[in-house]
Amino acid sequence: MQVSVIRHTKVNLLSSVCYGQTDVDLADSFEDEVKIIQDKIDDNFDAVFSSPLNRCLQLSQTFSTEIMIDERLKEFNFGDWEMQNWIDINPEEINPWYNDFVNTKTPNGESMNEMFFRINSFMNDLRQQDFENVLIVTHGGIIRLIWCYLLQIPLKNTFKIPTDYHEVLKFNLGKTENEDFILQKK
C-alpha cells in the first residue's frame, strides 16, 4: 500500500515552548499551508488516519469526512513539562532525559521507547490492512519514529531526522518489512 504521512501545519505558539500532547491552536497561515500540502499529494485515499489532537484533525478534515482517529499517532507525552519554556525546566529534571531520552521518561510522561512501541504497533496493524492508498496526519515526533521503523534507525538518532510543518513523506508499506521502500519526501 502507498502511504502518505503529513506533519500538521504550524502552530500558534513560540518554538521555545515545550508542547507534545497539549492541544494548541494552529497559526493563522493554516489555509495557505493546506494549499501547499494539497499541491504535494493526491487526494484519492482509501483511508485517512489522524492523531486525535486538533492540530491534526483540522488538517485531516480537509482530505476526508471519514477519519480514523488513532491515539497511537499522538505526539510525545512531555508530562509535567507540557507548556513550559524549555529553558525554564529544571536542569536536574531535564538533563537525565537529554542524556538518555530513549529510556528515560519525562516526569508523568513517556520515554522514546514507549512512544516507539505505540508507532510500531500502529504500523504493524496498518501493514495487515488491505488499503491501497492511505493518508496519515500526525506530528514531527511520530514521523521521526516512522522513519526509524522503516529504516531500522536506532532511536538514539531520532532527533537527527529533520521534519518540517506540512512536510509529506511517501512510502510503500508491504505485508513484510522486506517490501517497504521510501517513495519520496516533499
Side-chain angles (χ1 to χ4, degrees), residues 1-11 20-21 23 26-27 29-77 110 112-155 157-186:
M1 94 183 57
Q2 182 171 311
V3 180
S4 297
V5 183
I6 303 172
R7 183 178 182 191
H8 59 80
T9 59
K10 294 176 185 170
V11 296
Q21 293 191 1
D23 245 334
L26 292 171
S29 58
F30 177 74
E31 295 296 328
D32 293 332
E33 292 180 76
V34 167
K35 289 175 186 169
I36 293 169
I37 293 167
Q38 289 171 336
D39 287 344
K40 293 181 182 181
I41 61 173
D42 58 18
D43 60 355
N44 188 23
F45 299 106
D46 300 286
V48 176
F49 291 89
S50 179
S51 160
L53 298 177
N54 190 46
R55 57 192 184 264
C56 293
L57 279 176
Q58 278 188 261
L59 181 57
S60 299
Q61 291 166 348
T62 66
F63 291 98
S64 178
T65 57
E66 296 179 26
I67 299 162
M68 290 181 254
I69 297 169
D70 198 304
E71 293 285 325
R72 297 173 292 182
L73 295 174
K74 275 186 175 179
E75 183 59 282
F76 190 84
N77 182 354
E110 68 185 332
M112 189 66 68
N113 266 332
E114 290 170 321
M115 187 178 172
F116 185 72
F117 181 79
R118 287 194 278 123
I119 199 58
N120 189 62
S121 169
F122 174 83
M123 295 296 289
N124 287 338
D125 287 351
L126 182 60
R127 188 184 292 283
Q128 301 311 312
Q129 301 299 314
D130 291 324
F131 300 121
E132 290 183 26
N133 195 11
V134 171
L135 174 65
I136 301 170
V137 181
T138 191
H139 309 273
I142 292 292
I143 293 170
R144 287 180 176 103
L145 291 178
I146 290 173
W147 277 102
C148 290
Y149 175 89
L150 292 171
L151 300 177
Q152 300 177 358
I153 297 169
L155 295 182
N157 295 325
T158 303
F159 290 114
K160 295 178 181 177
I161 302 168
T163 61
D164 208 353
Y165 293 109
H166 56 71
E167 187 170 79
V168 179
L169 166 65
K170 287 186 181 183
F171 58 91
N172 184 71
L173 185 68
K175 293 292 182 183
T176 68
E177 62 186 42
N178 294 336
E179 299 170 313
D180 298 342
F181 57 89
I182 306 298
L183 297 171
Q184 61 187 333
K185 181 179 175 181
K186 291 183 179 181

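Since we're looking at a predicted model, the values are computed, not measured. Numbers here simply count residues along the sequence, with the first being 1.
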Checklist entry - So among L135, I143, V168, which one has a side chain to side chain contact (heavy atoms under 4.5 Å, CB included) with V5? => result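 Only match with V5 under side chain to side chain contact (heavy atoms under 4.5 Å, CB included): I143.
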Checklist entry - Does the K74 side chain pair with the main chain of H139, one donor and one acceptor, at a distance under 3.5 Å? => result no
Checklist entry - Donor-acceptor pair, R7 side chain versus T163 backbone, under 3.5 Å? => result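 Yes; at least one donor-acceptor contact below 3.5 Å.
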For the [atom1] atom on [X], are there more than 12 heavy atoms of other groups (residues, nucleotides or ligands in this structure) within a distance under 6.0 Å?
X	atom1	result
E132	CD	no
N44	CG	no
F117	CZ	no

With rounding to the nearest 0.5 Å, note down the distance linking [atom1] in [X] to [atom2] in [Y].
X	Y	atom1	atom2	answer
L53	E71	CG	CD	8.0 Å
L59	F30	CG	CZ	5.5 Å
Q2	I41	CD	CD1	10.0 Å
C148	M115	SG	CE	10.0 Å
D70	F122	CG	CZ	5.5 Å
D39	H166	CG	NE2	11.5 Å

Checklist entry - Is there a side-chain contact (heavy atoms from CB on, under 4.5 Å) between D130 and K175 once you walk through the steps? => result CA-CA 9 Å; D130 291 324; K175 293 292 182 183; 3.3 Å; yes
Any heavy-atom pair between the side chains of [Y] and [X] that's under 4.5 Å?
X	Y	result
E75	R55	yes
V134	L173	no
V137	I67	no
M68	S50	no
F63	V34	no
V3	K170	no
D42	N133	yes
F49	I69	no

Checklist entry - Closest approach of R127 and Y149, non-hydrogen atoms and distance? => result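 Nearest pair, atom of R127 first, then Y149: NH2-OH, 2.9 Å.
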Just checking, any donor-acceptor pair under 3.5 angstrom between side chains of [X] and [Y]?
X	Y	result
H8	T138	no
E33	S29	yes
N124	Q128	no

Next on the checklist: Enumerate the salt bridge (charged side-chain N to carboxylate O under 4.0 Å, His left out) contacts for residues 115-125, please, sequence neighbours excluded, ordered by first and then second residue.
Outcome noted: R72-D125, E110-R118
Item to check | Test log, rule side-chain contact (heavy atoms from CB on, under 4.5 Å), inputs I161 and N157 | outcome: CA-CA 7 Å; I161 302 168; N157 295 325; over 6 Å; no
Next on the checklist: Show, in sequence, the C-alpha distance, side-chain angles and deciding distance for L169 and I6, and conclude whether the side-chain contact (heavy atoms from CB on, under 4.5 Å) test is met.
Outcome noted: CA-CA 7 Å; L169 166 65; I6 303 172; over 6 Å; no
Item to check | Derivation and outcome, side-chain contact (heavy atoms from CB on, under 4.5 Å), residues E66 and V48 | outcome: CA-CA 7 Å; E66 296 179 26; V48 176; over 6 Å; no
